[in-house]
Amino acid sequence: MTAPTKLPPSPADHPADALAGTPDAGSDGASGHLLHSPVIAWFDAHARDLPWRRPEAGAWGVMVSEFMLQQTPVNRVLPVYEQWLARWPRPADLAQEAPGEAVRAWGRLGYPRRALRLHGAAVAITERHGGDVPSDHAQLLALPGIGEYTAAAVASFAYGQRHAVLDTNVRRVLARAVTGVQYPPNATTAAERRLARALLPEDERTAARWAAASMELGALVCTAKNEACHRCPIAAQCAWRLAGKPEHDGPPRRGQTYAGTDRQVRGKLLAVLREAHGLVPQADLDRVWHEPVQRARALDGLVADGLVEPLPGGLYRLPLT
DNA sequence: TAAGCGTGGGA
DNA sequence: TTCCCAAGCTT
């Protein structure tokens with residue numbers, strides 16, 4: 001039970017009701033939703049001009065951006081996104097490349113398995129969908145590297161469909177504005193999905209607008225730290241703020257360990273492979289980490305993941321197939 | 001369900 | 001410097 005002790009007297013399983021104008025009022029009618037209208041109006045005035053939001057980006061551009069933005073900040077994605085789309089303007093262009101080229105072009109965005117999966121998705125789109133990014137949520141979900149969030153995001157942003165787009169930004173906005181807590185749970189819960197669905201405007205175009213707007217609000221105003229309530233269009237209705245902004249209790253938010261882990265070693269190994277042009281001898285890889293057991297384990301992991309291709313004679317390269 | 005998976009910037 | 005965080009997915 002994550003509901004705060006003090007909330008408007010609405011049924012616990014239908015918290016959205018508390019925000020509708022009247023119990024039976026449509027959530028997107030001319031009367032406007034208590035959250036939708038101000039957030040969408042704010043978005044119209046303050047949305048960033050990001051390349052994947054421009055019409056010419058197309059569904060492929062949206063999809064590429066969503067892969068790159070999985071756990072990577074916008075500012076770091078921007079230059080790589082531009083180069084990627086210039087080089088591979090359509091899924092089929094990427095599909096005919098070696099997967100290692102995708103890994104190399106991915107650069108330092110992090111989590112390079114995403115590059116491999118994006119390549120795999122491009123192959124699947126070319127083979128199964130005639131080279132066009134599918135608009136169907138289930139077909140998107142079936143592609144490698146696409147989970148619940150990304151499928152909803154592509155369907156909504158690229159095709160204007162009505163889906164609950166529940167990313168970390170939206171989760172935080174809903175946790176605060178509706179549930180009245182500082183942070184959402186570590187893992188997405190059924191209650192959060194229910195709430196996001198309940199808050200979805202009926203009208204398809206409005207729903208898509210709401211998805212982008214609520215996400216942007218979380219990214220620019222309702223941030224994890226140093227939230228800017230004075231710039232928030234729904235500060236007056238925010239349950240968390242009205243409750244006096246109580247600090248997160250409960251279990252500590254899961255942190256990410258990195259220093260000294262296999263992950264760090266994998267990163268160093270792959271950096272060598274990325275920057276090399278020809279085949280890389282084992283000795284060049286051995287130089288990145290002093291501890292041989294962990295080094296070997298990390299390299300084995302990269303091979304197992306398909307990020308590195310081992311060749312006879314102790315040589316390595318990014319995958320050709 | 002929880003752990004594993006990169007990288008770099010800002011507080 | 002250290003810690004926290006950034007449009008998640010997969011197993």
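Order of the sequence lines sets the chain letters (A, B, ...), proteins ahead of strands, with each chain counted from 1.
As rounded to the nearest Å, B:dA2 and C:dA7 have P atoms that lie 22 Å from one another. C:dT11 and B:dG6 have their P atoms separated by 14 Å, with the value rounded to a whole Å.
Under the ring pair (Phe, Tyr, Trp, His ring centres under 6.0 Å) criterion, the residue pairs touching residues 51-83 of chain A are A:Trp52-A:Tyr81, with sequence neighbours excluded. Judged as a ring pair (Phe, Tyr, Trp, His ring centres under 6.0 Å), the pairs with a partner in residues 131-157 of chain A (not counting sequence neighbours) are, in order, A:His137-A:His163.
Comparing A:Arg266 and A:Lys225 along DNA chain B, the residue whose closest nucleotide (by nearest heavy atom) sits nearer the 5' end is A:Arg266. With the nearest nucleotide of DNA chain B identified for both A:Arg114 and A:Ala187, A:Ala187 has the one nearer the 5' end.
Considering only side-chain atoms of A:Ala219, the nucleotide from B:dG6, C:dA7, C:dT10 that sits closest is C:dA7. Closest contact between the side chain of A:Asn226 and the listed nucleotides B:dA11, C:dA7, B:dC5 involves B:dA11. Comparing C:dA7, C:dC9, C:dA6 by their closest approach to the side chain of A:Trp52 singles out C:dA7. Of the candidate nucleotides C:dA6, C:dC9, C:dC5, C:dC5 has the atom nearest to the side chain of A:Tyr183.
Among residues two or more places apart in sequence or in another chain, the side chain to side chain contact (heavy atoms under 4.5 Å, CB included) test is passed with A:Ser135 by A:Tyr159, A:Gln161. Remark: A:Ala92 engages A:Thr126 in a side chain to side chain contact (heavy atoms under 4.5 Å, CB included) (not counting sequence neighbours). By the side chain to side chain donor-acceptor pair (under 3.5 Å) test, A:Thr150 is found to be paired with A:Gln70, residues two or more places apart in sequence or in another chain being considered. Every salt bridge (Lys or Arg N to Asp or Glu O under 4.0 Å) that A:Arg297 has, sequence neighbours left out, goes to A:Asp262.
Between the CE atom of A:Met63 and the C1' atom of C:dC9 there is a distance of 13 Å, given to the nearest Å. Taking atom CE of residue A:Met68 and atom C1' of nucleotide C:dC9, one finds them 16 Å apart after rounding to whole Å.
Contacts between residues 132-155 of chain A and DNA chain C, defined by a heavy-atom separation below 4.0 Å, involve A:Pro144, A:Gly145, A:Ile146, A:Gly147, A:Glu148, A:Tyr149, A:Thr150, listed by number. Proximity of residues 271-306 of chain A to DNA chain C (heavy atom under 4.0 angstrom from any strand atom) is not detected for any residue.
Residue contacts for A:Thr72: at a heavy-atom cut-off of 4.0 Å it reaches a base atom on one of the strands shown. Within 4.0 Å of A:Val74, counting heavy atoms only, lies at least one base atom of the nucleic acid. Within the 4.0 angstrom heavy-atom criterion, no nucleotide atom of any strand lies near A:Trp106. Residue contacts shown for A:Leu50 include a base, since a base heavy atom lies under 4.0 Å away. Residue contacts for A:Arg76: at a heavy-atom cut-off of 4.0 Å it reaches a base atom on one of the strands shown.
Listed pair A:Arg172 / C:dA6 meets the phosphate criterion, a side-chain N or O lying under 4.0 Å from OP1 or OP2. Here A:Gln71 reaches the OP1 or OP2 of C:dG8: one of its side-chain N or O atoms lies under 4.0 Å away. Between C:dT10 and A:Arg113, no contact under 4.0 Å exists linking OP1 or OP2 to a side-chain N or O.
Between A:Val173 and A:Val221, every side-chain heavy-atom pair lies at or beyond the 4.5 Å cut-off.
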Extract all donor-acceptor atom pairs below 3.5 Å that involve side chains of residues 301-321 of chain A and protein atoms in other chains or at least two apart in sequence.
{"from": "A:Asp305", "atom 1": "OD2", "to": "A:Arg266", "atom 2": "NH1", "distance (Å)": "3.0"}
{"from": "A:Asp305", "atom 1": "OD2", "to": "A:Arg266", "atom 2": "NH2", "distance (Å)": "2.8"}
{"from": "A:Glu309", "atom 1": "OE1", "to": "A:Leu320", "atom 2": "N", "distance (Å)": "2.8"}
{"from": "A:Glu309", "atom 1": "OE2", "to": "A:Arg317", "atom 2": "NH2", "distance (Å)": "3.0"}
{"from": "A:Tyr316", "atom 1": "OH", "to": "A:Gln282", "atom 2": "OE1", "distance (Å)": "2.9"}

message: The test is side chain to side chain donor-acceptor pair (under 3.5 Å); show your working for A:Glu97 and A:Trp88 and say whether it passes.
response: CA-CA 9 Å; A:Glu97 284 274 10; A:Trp88 300 305; 3.2 Å; yes
message: For a salt bridge (Lys or Arg N to Asp or Glu O under 4.0 Å) check, start with the C-alpha distance between A:Arg162 and A:Glu202, then their side-chain angles and the critical distance, and finish with the verdict.
response: CA-CA 8 Å; A:Arg162 182 177 180 273; A:Glu202 287 301 321; 3.5 Å; yes
